[in-house]
Amino acid sequence: MLPQIQHTNKTTYTYNTMIKTHLSNSNTNPQMALEIYVKMKRNGISCDNYTYPFVLKACKMICGLWEGRQVHGEVMKAGFFDSDVFVRNGLIGMYCKCQQMSCSRILFDCFHGKDLVSWNLMLGGYAECRNMVEAQKLFDEMPERDVVSWSIMIDGYGKKLGLVTHARILFDQMHERDSVSWNTMIDSYAKIGNMVAARELFNLMDHKTLISWTIMINGYSQHQNPKEALTLFNLMLSHDIKPDKFCIIGSISACAQLGALDSGRWLHTYIKKTKIPLDVVVNTTLIDMYMKCGGIEEARAVFDSMLERNVITYNVMISGLGINNSGAEALSYFYQMEQGGMELDDLVYVSVLSACSHAGFVSEGVEIFKRIRNPKVEHYGCLIDLLVRKGEFGKVLNFIGSMPMEPNVDLWGSVLLGCRVWKNVGLGEFAVDRLTEIGGDDRGVYVLMSNIYADSGMWDGVAAMRRIVAVKGVVEGGKSVIEVVGGGVEEFVSGKNGGVRGADIEEVVCSLSKIVDLEYEG
DNA sequence: ATAGGGTTAG
């Protein structure tokens with residue numbers, strides 16, 4: 001059947017153009033597009049087969065199921081469903097985005113003129129709902145597949161389900177791959193922290209895009225290798241590739257983890273210089289970086305300069321002030337949030353409780369804890385940490401006993417740390433037993449317990465702990481990182497003098513040792 | 001129709 005083209009009058013054309021304008025990349029405002037559509041209907045102006053796909057796109061962008069259903073009704077009334085593939089794909093896409101897969105499926109099944117886009121839309125919908133069983137069924141039935149179909153499957157298996165091996169099999173089966181398929185596969189590895197495999201593919205890639213670099217930088221940054229993240233960022237710059245806001249975030253976060261204040265400042269300046277838009281996310285990352293590097297003033301300045309702030313922005317302010325021994329100020333931001341009617345999430349409570357902990361604000365901490373509607377084990381952990389630091393061991397045990405869930409490794413870890421401070425051998429032993437039970441007894445636990453024994457002159461205990469550590473194997477030394485003048489960071493590991501700047505580091509350590517009376521343990 | 005972003009105690 002030939003598509004039925006309705007006579008398009010000038011008014012309809014004008015409205016269509018207005019709707020389209022609000023969906024263009026430069027100035028997206030789907031809400032406005034919908035308002036124009038509503039106005040169009042109210043004014044009795046007829047819609048044509050150009051109108052509906054745009055309106056449906058707007059519904060999709062705002063995940064507006066209710067609006068989408070209204071439009072669906074209009075489409076059926078106007079008789080466009082049977083005639084226009086764009087309208088039908090628009091409906092399928094809208095329902096997929098709203099996770100209404102049964103609705104999409106009905107439309108899809110009764111649709112005889114399906115094209116590749118319709119199939120891919122369905123695949124994407126199932127992948128989004130993590131329903132790879134259905135996606136696979138469709139994928140097998142497809143009359144033809146393009147690179148998009150394959151990429152959707154790789155994304156579903158690799159990134160959404162974490163079945164990276166399976167994703168890789170598909171990737172290897174592809175006849176032709178584009179940058180999306182490569183990037184999706186690389187990101188699958190990066191998401192599970194297999195940066196070695198990610199790097200291998202990245203190195204093999206012929207035409208790396210900015211997104212490829214971003215995936216790698218963020219992957220390193222999120223998986224305990226911030227140093228490599230910065231190295232890669234510099235490598236990228238040396239290839240004359242200009243970062244955008246997505247790309248620079250991973251690097252700022254890497255600086256935060258490394259405590260690399262100068263590198264962080266450099267990035268901040270770079271952003272301003274190159275006019276990368278400073279949105280909430282970039283600003284929040286900057287605040288976090290400054291806080292973790294001890295630059296409270298600069299963090300505050302960023303916060304004050306922001307036009308839009310959200311829960312995470314406040315969260316990094318609160319936890320950052322806590323870290324920097326400004327407990328009172330952290331509390332003031334927390335109260336500001338409460339009074340502002342902001343939605344408080346679990347993380348905010350963790351941050352504010354830990355700020356109380358740093359500052360020794362017991363009663364405030366207890367009060368805030370009471371306000372948590374469904375406290376999680378982390379919140380209990382924070383409160384335990386607070387009590388333990390004050391040496392309130394009686395309350396600690398009562399409190400643990402009252403918990404509706406099992407204490408976790410971190411919680412017992414806090415208890416053990418408190419026992420070190422207060423030289424509490426009995427409770428320390430108890431905590432070690434609990435940690436052993438739940439499999440949280442890494443070597444650090446025994447080293448800590450050994451220290452507790454040592455503080456009380458219990459040398460048999462010390463020897464027992466050492467035996468366990470010996471059996472458990474070699475401890476990986478603590479790593480430290482310093483920023484090197486002139487850019488870059490250098491890593492060094494206790495007990496090893498290696499590394500590029502080993503000799504320099506040795507010299508610094510020697511000079512420091514003369515000033516500070518270093519205490520060697522273990 | 002498919003790909004990249006920020007926060008959590010010790």
Side-chain angles (χ1 to χ4, degrees), chain A residues 60 89-90 92-93 96-97 115-125 127-128 146-156 158-159 178-188 190-191 209-219 221-222 243-253 256 279-289 291-292 310-320 322-323 345-358 365 376-386 388-389 408-418 420-421 444 448:
Chain A
K60 190 171 163 179
N89 282 345
I92 291 176
C96 283
K97 181 71 198 293
D115 62 359
L116 190 51
V117 176
S118 334
W119 286 88
N120 285 342
L121 278 167
M122 290 301 293
L123 282 187
E128 199 58 50
D146 65 356
V147 63
V148 176
S149 332
W150 287 89
S151 296
I152 293 171
M153 295 304 280
I154 294 173
D155 178 78
K159 284 172 56 188
D178 62 2
S179 65
V180 178
S181 19
W182 279 91
N183 288 341
T184 308
M185 192 60 234
I186 294 173
D187 204 21
S188 300
K191 284 270 150 19
T209 63
L210 180 56
I211 296 183
S212 325
W213 290 92
T214 308
I215 290 168
M216 290 303 294
I217 292 167
N218 288 330
S221 169
Q222 285 161 10
D244 63 1
K245 61 175 178 175
F246 293 99
C247 183
I248 215 154
I249 283 164
S251 309
I252 302 169
S253 165
D279 67 8
V280 208
V281 180
V282 177
N283 274 321
T284 302
T285 317
L286 281 168
I287 294 176
D288 186 52
M289 182 275 295
M291 282 298 192
K292 291 202 174 117
N310 63 21
V311 192
I312 304 182
T313 316
Y314 275 89
N315 202 349
V316 297
M317 273 311 272
I318 292 167
S319 68
I323 296 166
D345 64 5
D346 288 342
L347 261 49
V348 175
Y349 283 107
V350 172
S351 299
V352 73
L353 288 176
S354 73
C356 290
S357 196
H358 281 286
K376 304 262 164 42
V377 67
E378 293 89 343
H379 302 126
Y380 281 92
C382 288
L383 206 67
I384 296 291
D385 188 65
L386 179 61
V388 141
R389 280 183 203 226
N408 64 4
V409 173
D410 296 329
L411 191 148
W412 286 117
S414 296
V415 173
L416 192 59
L417 219 61
R420 167 87 207 266
V421 176
L448 196 52

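Because only heavy atoms are used, hydrogens play no part in the values below, and waters and symmetry mates are left out as well, while side chains stay in. Naming: A, B, ... by sequence-line order, numbering from 1 per chain.
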Task: B/S/- contact track for nucleotides 3-10 of chain B, protein heavy atom under 4.0 Å - done: BBBBBBBB
Task: Option passing side-chain contact (heavy atoms from CB on, under 4.5 Å) with A:Trp412 (candidates A:Leu416, A:Val415, A:Val409) - done: A:Val415
- [ ] Give a yes-or-no answer on whether the side chains of A:Thr285 and A:Asp288 include a donor-acceptor pair shorter than 3.5 Å.
- [x] no
- [ ] Could you tell me whether the side chain of A:Thr184 and the main chain of A:Val180 form a donor-acceptor pair under 3.5 Å?
- [x] yes
- [ ] May I ask you to say what A:Asp146 touches in the nucleic acid, namely base, sugar-phosphate or nothing, with a heavy-atom cut-off under 4.0 Å?
- [x]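 Counting heavy atoms under 4.0 Å across all strands, the contact made by A:Asp146 includes a base.
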Open item on the list: Regarding A:Lys97, tell me which of base, sugar-phosphate or nothing describes its non-hydrogen contacts under 4.0 Å with the strands shown.
Closed with: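 Nothing, no heavy atom under 4.0 Å.
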Open item on the list: So, using ring-ring contact (aromatic ring centres under 6.0 Å, His included) as the criterion, who are the partners of A:Trp119 when residues are at least two apart?
Closed with: A:Phe108
Task: Residues forming a ring-ring contact (aromatic ring centres under 6.0 Å, His included) with A:Tyr380, sequence neighbours excluded - done: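 Residues passing ring-ring contact (aromatic ring centres under 6.0 Å, His included) with A:Tyr380: A:Phe369, A:Phe399.
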